[in-house]
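One structure is given below, encoded as C-alpha coordinates.
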Amino acid sequence: MTLHAFDFDGTLTTSDTLLLFIRHARGRWALLGGLLLYSPRLVLMKLGLVDNGRTKERLFGHYFRGMLERDFDALCTSFARSHAHILRTEGLRTIRQALERGERVVVLSASIDRWVQACLNQFIDDTTHFAVLGTQIEVTNGRLTGRFGTLNCYGSEKVRRLKEWLESEKVGTKGALEMIAYGDSRGDKELLAMAKESHYKPFR
(Lines give C-alpha, C1' and ligand atoms only; values in the text may rest on other atoms or scores of the structure.)
Protein backbone atom coordinates (compact mmCIF):
# COMPACT_ATOMS: atom_id res chain seq x y z
CA MET A 1 0.00 0.00 0.00
CA THR A 2 1.14 3.52 -0.79
CA LEU A 3 0.47 6.34 1.65
CA HIS A 4 0.90 10.00 0.75
CA ALA A 5 1.50 12.27 3.77
CA PHE A 6 1.19 16.01 3.12
CA ASP A 7 1.95 19.04 5.23
CA PHE A 8 -0.67 21.77 4.71
CA ASP A 9 0.59 25.33 5.33
CA GLY A 10 3.16 26.29 2.73
CA THR A 11 3.08 22.89 1.05
CA LEU A 12 -0.52 22.73 -0.14
CA THR A 13 -1.12 26.46 0.37
CA THR A 14 0.70 29.61 -0.65
CA SER A 15 0.34 31.16 2.84
CA ASP A 16 0.24 30.25 6.51
CA THR A 17 -3.45 29.94 7.35
CA LEU A 18 -3.53 30.83 11.07
CA LEU A 19 -3.09 34.56 10.55
CA LEU A 20 -5.34 34.51 7.49
CA PHE A 21 -8.04 32.79 9.51
CA ILE A 22 -7.78 35.30 12.35
CA ARG A 23 -8.05 38.19 9.88
CA HIS A 24 -11.06 36.52 8.26
CA ALA A 25 -12.77 35.98 11.61
CA ARG A 26 -11.84 39.17 13.48
CA GLY A 27 -10.64 41.68 10.90
CA ARG A 28 -7.31 43.23 10.02
CA TRP A 29 -7.08 45.68 12.94
CA ALA A 30 -7.89 43.03 15.54
CA LEU A 31 -5.21 40.82 14.01
CA LEU A 32 -2.63 43.59 14.18
CA GLY A 33 -3.61 44.43 17.76
CA GLY A 34 -3.18 40.83 18.89
CA LEU A 35 0.15 40.48 17.13
CA LEU A 36 1.35 43.65 18.82
CA LEU A 37 0.17 42.43 22.22
CA TYR A 38 1.95 39.08 21.82
CA SER A 39 4.97 40.40 19.93
CA PRO A 40 7.48 39.82 22.79
CA ARG A 41 6.47 36.17 23.05
CA LEU A 42 6.39 35.76 19.27
CA VAL A 43 9.97 37.06 19.07
CA LEU A 44 11.05 34.60 21.76
CA MET A 45 9.31 31.82 19.83
CA LYS A 46 11.21 32.70 16.66
CA LEU A 47 14.43 32.57 18.67
CA GLY A 48 13.51 29.12 19.96
CA LEU A 49 13.31 30.31 23.57
CA VAL A 50 9.62 29.50 24.16
CA ASP A 51 7.44 26.68 22.89
CA ASN A 52 5.71 27.46 19.60
CA GLY A 53 2.67 25.35 20.49
CA ARG A 54 1.98 27.22 23.73
CA THR A 55 2.49 30.55 22.00
CA LYS A 56 0.08 29.65 19.23
CA GLU A 57 -2.45 28.41 21.78
CA ARG A 58 -2.34 31.72 23.67
CA LEU A 59 -2.76 33.70 20.46
CA PHE A 60 -5.65 31.47 19.39
CA GLY A 61 -7.32 31.80 22.79
CA HIS A 62 -7.03 35.59 22.64
CA TYR A 63 -9.35 35.64 19.62
CA PHE A 64 -11.63 32.65 20.04
CA ARG A 65 -12.05 31.87 23.75
CA GLY A 66 -15.76 31.63 24.55
CA MET A 67 -16.95 31.41 20.93
CA LEU A 68 -19.79 29.01 20.20
CA GLU A 69 -18.56 25.88 18.47
CA ARG A 70 -21.17 26.21 15.72
CA ASP A 71 -20.04 29.78 15.02
CA PHE A 72 -16.42 28.66 14.79
CA ASP A 73 -17.34 25.88 12.38
CA ALA A 74 -19.29 28.38 10.26
CA LEU A 75 -16.18 30.57 10.14
CA CYS A 76 -14.12 27.58 8.98
CA THR A 77 -16.58 26.98 6.15
CA SER A 78 -16.68 30.62 5.06
CA PHE A 79 -12.89 30.87 5.32
CA ALA A 80 -12.48 27.82 3.09
CA ARG A 81 -14.81 29.27 0.44
CA SER A 82 -13.21 32.71 0.41
CA HIS A 83 -9.62 31.43 0.46
CA ALA A 84 -9.78 28.60 -2.06
CA HIS A 85 -7.30 30.56 -4.16
CA ILE A 86 -4.43 29.91 -1.70
CA LEU A 87 -4.46 26.15 -2.39
CA ARG A 88 -1.76 25.01 -4.77
CA THR A 89 -3.26 23.50 -7.94
CA GLU A 90 -0.47 20.96 -8.41
CA GLY A 91 -0.76 19.79 -4.81
CA LEU A 92 -4.50 19.21 -5.17
CA ARG A 93 -3.89 17.38 -8.44
CA THR A 94 -1.37 15.11 -6.73
CA ILE A 95 -3.89 14.27 -4.00
CA ARG A 96 -6.66 13.53 -6.51
CA GLN A 97 -4.41 11.33 -8.63
CA ALA A 98 -3.32 9.33 -5.58
CA LEU A 99 -6.94 8.79 -4.53
CA GLU A 100 -7.91 7.78 -8.07
CA ARG A 101 -5.23 5.06 -7.90
CA GLY A 102 -6.78 3.79 -4.65
CA GLU A 103 -3.88 5.02 -2.50
CA ARG A 104 -4.29 6.56 0.96
CA VAL A 105 -3.77 10.27 1.62
CA VAL A 106 -3.32 11.99 4.97
CA VAL A 107 -2.73 15.70 5.59
CA LEU A 108 -0.89 16.59 8.80
CA SER A 109 -0.95 20.18 9.97
CA ALA A 110 -0.12 22.36 12.93
CA SER A 111 -3.14 24.42 11.91
CA ILE A 112 -6.57 23.71 13.37
CA ASP A 113 -7.95 20.57 11.75
CA ARG A 114 -11.42 22.06 11.25
CA TRP A 115 -10.43 24.74 8.77
CA VAL A 116 -7.87 22.49 7.07
CA GLN A 117 -10.63 19.90 6.53
CA ALA A 118 -13.03 22.57 5.27
CA CYS A 119 -10.45 23.92 2.80
CA LEU A 120 -9.67 20.51 1.31
CA ASN A 121 -13.16 18.97 1.36
CA GLN A 122 -14.17 21.40 -1.39
CA PHE A 123 -11.86 19.58 -3.77
CA ILE A 124 -11.78 15.98 -2.47
CA ASP A 125 -14.50 13.56 -3.52
CA ASP A 126 -13.06 10.36 -2.03
CA THR A 127 -13.11 10.94 1.73
CA THR A 128 -12.90 7.19 2.43
CA HIS A 129 -9.18 7.12 1.70
CA PHE A 130 -8.48 10.67 2.86
CA ALA A 131 -7.85 12.03 6.36
CA VAL A 132 -6.77 15.26 8.07
CA LEU A 133 -4.75 15.16 11.28
CA GLY A 134 -4.27 18.62 12.72
CA THR A 135 -4.21 20.51 15.97
CA GLN A 136 -7.58 20.08 17.66
CA ILE A 137 -9.45 22.60 19.77
CA GLU A 138 -10.97 22.05 23.20
CA VAL A 139 -14.75 22.58 23.46
CA THR A 140 -16.77 22.59 26.69
CA ASN A 141 -20.56 23.00 26.78
CA GLY A 142 -20.60 24.02 23.14
CA ARG A 143 -18.03 26.79 23.52
CA LEU A 144 -14.32 27.03 22.72
CA THR A 145 -12.17 27.19 25.84
CA GLY A 146 -9.35 28.86 23.92
CA ARG A 147 -7.10 25.87 24.63
CA PHE A 148 -6.00 23.10 22.31
CA GLY A 149 -7.42 19.63 22.78
CA THR A 150 -4.20 18.04 21.49
CA LEU A 151 -0.55 18.94 21.30
CA ASN A 152 0.41 21.26 18.47
CA CYS A 153 0.74 18.95 15.45
CA TYR A 154 4.28 20.01 14.56
CA GLY A 155 7.63 18.27 14.18
CA SER A 156 7.83 14.99 16.06
CA GLU A 157 4.15 15.31 17.01
CA LYS A 158 3.26 14.86 13.35
CA VAL A 159 5.06 11.51 13.33
CA ARG A 160 3.43 10.43 16.60
CA ARG A 161 -0.04 11.37 15.35
CA LEU A 162 0.58 9.61 12.05
CA LYS A 163 1.70 6.39 13.72
CA GLU A 164 -1.32 6.53 16.02
CA TRP A 165 -3.61 6.97 13.01
CA LEU A 166 -1.94 4.16 11.06
CA GLU A 167 -2.50 1.81 13.97
CA SER A 168 -6.11 2.85 14.54
CA GLU A 169 -6.95 2.58 10.83
CA LYS A 170 -4.90 -0.60 10.42
CA VAL A 171 -3.19 0.94 7.41
CA GLY A 172 -0.39 -1.23 6.06
CA THR A 173 -1.15 -4.18 8.31
CA LYS A 174 -1.77 -6.48 5.33
CA GLY A 175 1.52 -5.76 3.64
CA ALA A 176 4.43 -3.37 3.25
CA LEU A 177 3.58 0.32 3.49
CA GLU A 178 5.38 2.70 1.16
CA MET A 179 5.13 6.27 2.37
CA ILE A 180 5.67 9.40 0.27
CA ALA A 181 5.89 12.65 2.24
CA TYR A 182 5.59 16.27 1.16
CA GLY A 183 6.72 19.22 3.30
CA ASP A 184 8.24 22.67 3.22
CA SER A 185 9.66 23.60 6.64
CA ARG A 186 11.60 22.42 9.68
CA GLY A 187 8.30 21.40 11.21
CA ASP A 188 8.14 18.65 8.58
CA LYS A 189 11.69 17.36 9.06
CA GLU A 190 10.72 14.30 11.10
CA LEU A 191 7.85 13.46 8.76
CA LEU A 192 10.08 13.66 5.68
CA ALA A 193 12.72 11.52 7.38
CA MET A 194 10.13 8.83 8.12
CA ALA A 195 9.16 8.39 4.46
CA LYS A 196 10.64 6.12 1.84
CA GLU A 197 10.34 8.99 -0.63
CA SER A 198 10.24 12.65 0.39
CA HIS A 199 9.60 15.89 -1.47
CA TYR A 200 10.63 19.29 -0.09
CA LYS A 201 8.71 22.31 -1.42
CA PRO A 202 7.43 20.17 -4.32
CA PHE A 203 4.67 22.34 -5.77
CA ARG A 204 6.46 25.68 -6.19
Check whether any side-chain heavy atom of [X] sits under 4.5 Å from a side-chain heavy atom of [Y], and report yes or no.
{"X": "T11", "Y": "H199", "value": "no"}
{"X": "S109", "Y": "D9", "value": "yes"}
{"X": "T94", "Y": "F6", "value": "yes"}
{"X": "K56", "Y": "T135", "value": "yes"}
{"X": "M179", "Y": "E197", "value": "no"}
{"X": "L177", "Y": "L166", "value": "yes"}
{"X": "F60", "Y": "L144", "value": "yes"}
{"X": "R104", "Y": "E169", "value": "yes"}

Verdict with supporting geometry, R93 and R88, side-chain contact (heavy atoms from CB on, under 4.5 Å): CA-CA 9 Å; R93 184 181 296 116; R88 297 184 186 272; over 6 Å; no
Contacts of type salt bridge (charged side-chain N to carboxylate O under 4.0 Å, His left out), residue E100, not counting sequence neighbours: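 Listed in chain order: nothing, the list is empty.
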With sequence neighbours excluded, residues passing salt bridge (charged side-chain N to carboxylate O under 4.0 Å, His left out) with R147: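 Scan of R147 (salt bridge (charged side-chain N to carboxylate O under 4.0 Å, His left out), adjacent residues dropped) gives E138.
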Strictly below 4.0 Å, N to O, side chains only: are [X] and [Y] in salt-bridge contact?
{"X": "R204", "Y": "E90", "value": "no"}
{"X": "K158", "Y": "D7", "value": "yes"}
{"X": "R114", "Y": "E69", "value": "yes"}

Same cluster or not: [X] versus [Y], using hydrophobic residues (I, L, V, M, F, W, Y) connected whenever any side-chain heavy atoms lie under 4.5 Å apart?
{"X": "L32", "Y": "L37", "value": "no"}
{"X": "Y200", "Y": "I180", "value": "no"}
{"X": "L151", "Y": "V139", "value": "no"}

Give a yes or no answer on whether the side chain of [X] reaches the backbone of [Y] with a donor-acceptor pair at less than 3.5 Å.
{"X": "Y154", "Y": "A110", "result": "no"}
{"X": "R161", "Y": "G134", "result": "yes"}
{"X": "R26", "Y": "L31", "result": "no"}
{"X": "Y63", "Y": "A25", "result": "no"}
{"X": "E57", "Y": "F148", "result": "yes"}
{"X": "D188", "Y": "L191", "result": "no"}
{"X": "Q122", "Y": "A80", "result": "yes"}
{"X": "S82", "Y": "F79", "result": "yes"}
{"X": "D16", "Y": "L18", "result": "yes"}
{"X": "T77", "Y": "D73", "result": "yes"}

CA sep, side-chain torsions, deciding dist, call: V105, I124, side-chain contact (heavy atoms from CB on, under 4.5 Å): CA-CA 11 Å; V105 174; I124 306 300; over 6 Å; no
Step-by-step side-chain contact (heavy atoms from CB on, under 4.5 Å) determination, F8 to L108: CA-CA 7 Å; F8 184 66; L108 298 112; over 6 Å; no
Among N121, V106, D125, the one residue meeting side chain to side chain contact (heavy atoms under 4.5 Å, CB included) with F130: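 Among N121, V106, D125, the one that satisfies the side chain to side chain contact (heavy atoms under 4.5 Å, CB included) with F130 is N121.
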Atom [atom1] of [X] with >12 non-hydrogen neighbours under 6.0 angstrom:
{"X": "R160", "atom1": "CZ", "value": "yes"}
{"X": "R96", "atom1": "CZ", "value": "yes"}
{"X": "R101", "atom1": "CZ", "value": "yes"}

Under 3.5 Å side-chain donor-acceptor pair for [X] and [Y]:
{"X": "E103", "Y": "H4", "value": "yes"}
{"X": "S78", "Y": "H24", "value": "yes"}
{"X": "Q117", "Y": "D113", "value": "no"}

Check against side-chain hydrogen bond (donor to acceptor under 3.5 Å, both in side chains), S111 and T17: CA-CA 7 Å; S111 283; T17 54; 3.1 Å; yes
What is the distance from atom [atom1] of [X] to atom [atom2] of [Y], rounded to the nearest 0.5 Å?
{"X": "L192", "Y": "R186", "atom1": "CG", "atom2": "CZ", "answer": "14.0 Å"}
{"X": "H62", "Y": "I22", "atom1": "NE2", "atom2": "CD1", "answer": "8.5 Å"}
{"X": "T55", "Y": "L44", "atom1": "OG1", "atom2": "CG", "answer": "8.0 Å"}
{"X": "K196", "Y": "L3", "atom1": "NZ", "atom2": "CG", "answer": "13.0 Å"}
{"X": "L20", "Y": "H83", "atom1": "CG", "atom2": "NE2", "answer": "5.0 Å"}
{"X": "T2", "Y": "E178", "atom1": "OG1", "atom2": "CD", "answer": "5.0 Å"}

Audit row: F203, Y182, ring-ring contact (aromatic ring centres under 6.0 Å, His included) steps and yes/no: CA-CA 9 Å; F203 307 122; Y182 309 78; 5.8 Å; yes
Taking every non-hydrogen atom, the tightest pair across L36 and S39: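 Answer, listing the atom of L36 first, then S39: O-OG, 2.8 Å.
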Mutual orientation of the aromatic rings belonging to W115 and F21 [parallel < 30°, tilted 30-60°, perpendicular > 60°]: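 Ring orientation, 0 to 90° scale: parallel.
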